[in-house]
Novice: 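Next up is a structure, given as C-alpha cells.
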Amino acid sequence: MADEKTRKSSFFSSNIFEGLLFILLGVAILVWPNHALKTLCVIAGIAVGLMGVLKFIFFIKTPKEERKIGMIIVGVIQLAFGIALIAASEFFINLFFVITGLMLVYGAFLMFFRAVQLRRVKGVMFALSIIFGIIYTILAVIIFMNPEGFAQFITRIQGVALIFEGLGLIIVLRNLKISFEMTKE
C-alpha cells in the first residue's frame with residue numbers, strides 16, 4: 001500500500017513539475033520571442049544532424065553484405081541539413097514565413113474561388129468563404145510586409161498557450177490528487 005502511495009505521489013509531483021516547466025517555457029517565449037524561433041531552429045538542426053550521424057554509425061556497424069548505399073546518402077543529407085539549420089537559422093526562419101505566406105495566398109485564392117462558385121446560393125458557406133478569404137489575404141500581407149512582427153505575434157500566442165497548458169495540468173492534477181485522497185478515506 002505504501003509503495004502505491006509513493007508511486008502516486010511521485011506521479012503527481014513529476015507532472016506538476018512538468019506543468020511548472022510549461023509555464024516557465026511559456027513565459028520565456030513571451031519575453032524573448034525572437035530567441036525562441038532561433039533556438040527552435042538550432043534544436044531542430046541538432047536533432048536532424050544527430051539522426052544523420054546515427055545513420056552513418058548504423059551503416060558502419062551493419063555487416064558489409066547488408067549495407068545499403070541509400071542509408072549513407074540519407075545520413076549525409078541529414079547531417080548537412082542539420083548543420084545548415086544551425087549555421088543559417090535566420091534564412092530558414094525567413095523561408096518558413098515566405099512559404100507560410102504563399103500557402104495563405106493559395107488558401108485565399110481557393111476561398112475566393114469557392115465563393116464565386118457559391119455566389120448564387122448566398123448561404124453560410126458563401127459568407128464563410130468570403131470571410132476566410134479576406135482573413136487569409138490579410139495574414140499573407142502581414143507576413144510579407146512584416147515577417148518578424150508576425151513571428152513575434154505567433155510565438156507569443158504559443159507562449160500563452162504553454163502557460164495555459166501548464167496551469168491546466170497543475171489544476172487538473174491537483175484536483176485529481178484531492179479526489180484520490182478523498183476516495184481513500
Novice: Would you call I142 and F153 a side-chain contact if the rule is heavy atoms closer than 4.5 Å?
Specialist: no
Novice: Rounded to the nearest 0.5 Å, how far apart are CG of L79 and CD1 of I83?
Specialist: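 Rounded to the nearest 0.5 Å, the CG-CD1 separation comes out at 4.0 Å.
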Novice: Using the rule that Ile, Leu, Val, Met, Phe, Trp and Tyr join whenever any side-chain heavy atoms are under 4.5 Å apart, tell me whether I135 and V141 fall into a single cluster.
Specialist: no
Novice: Under 4.5 Å between side-chain heavy atoms, hopping through other hydrophobics if needed: is there a path connecting Y136 to I131?
Specialist: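 Linked within one cluster.
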Novice: So, do I23 and L162 sit near enough that their side-chain heavy atoms are less than 4.5 Å apart?
Specialist: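 With C-beta onward as the side chain, the pair stays apart.
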Novice: Are Y106 and V116 linked, directly or through other ILVMFWY residues, by side chains that come within less than 4.5 angstrom of each other?
Specialist: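 No.
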Novice: Look at the rings of F109 and F113 and say which category their plane angle falls in: under 30° parallel, 30 to 60° tilted, over 60° perpendicular.
Specialist: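 Ring orientation, 0 to 90° scale: parallel.
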Novice: Kindly state each residue pair satisfying side-chain hydrogen bond (donor to acceptor under 3.5 Å, both in side chains) with at least one member in residues 42-64, sequence neighbours excluded.
Specialist: none
Novice: Output the distance between atom CD1 (I134) and atom CE (M111), rounded to the nearest 0.5 Å.
Specialist: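 Between I134 CD1 and M111 CE, I get 12.5 Å after rounding to 0.5 Å.
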Novice: When rounded to the nearest 0.5 angstrom, what is the spacing between CD1 in I143 and CE in M103?
Specialist: 9.5 Å
Novice: Could you pull out all residues at least two apart from F92 that satisfy side chain to side chain contact (heavy atoms under 4.5 Å, CB included)?
Specialist: C41, F81, A84, L85, A88, L95
Novice: If you draw a 6.0 Å radius around CZ in F112, do more than 12 non-hydrogen atoms from other residues or ligands fall strictly inside?
Specialist: yes
Novice: Tell me whether L54 shares a hydrophobic cluster with I77, the cluster being built from Ile, Leu, Val, Met, Phe, Trp, Tyr side chains joined at under 4.5 Å.
Specialist: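 Yes, L54 and I77 fall within the same hydrophobic cluster.
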Novice: Quick one: pull up CD1 in I99 and CG in N94 and give me the separation to the nearest 0.5 Å.
Specialist: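 Rounded to the nearest 0.5 Å, the CD1-CG separation comes to 11.0 Å.
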Novice: Honestly curious: do I138 and I130 fall in one hydrophobic cluster under the side-chain, below-4.5 Å linking rule?
Specialist: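 Linked, I138 and I130 end up in one cluster.
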Novice: Under a 4.5 Å cut-off applied to non-hydrogen side-chain atoms, are F144 and V105 in contact?
Specialist: yes
Novice: Rounded to the nearest 0.5 Å, what's the gap from CD1 on I73 to CZ on F59? Could you check?
Specialist: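 Here the rounded value is 9.0 Å.
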Novice: Which heavy atom of A108 sits nearest a heavy atom of G133, and at what distance?
Specialist: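 Minimum heavy-atom separation between A108 and G133: CB-O, 3.6 Å.
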Novice: Measure the spacing between CG of L128 and CG of L118 and express it to the nearest 0.5 Å.
Specialist: 10.0 Å
Novice: Would you say that more than 12 heavy atoms from the other residues, nucleotides or ligands in this model lie under 6.0 Å from the CZ of R114, or not?
Specialist: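 12 or below, so no.
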Novice: How would you list, by chain and number, every residue that makes a side chain to side chain contact (heavy atoms under 4.5 Å, CB included) with I171, sequence neighbours excluded?
Specialist: N175
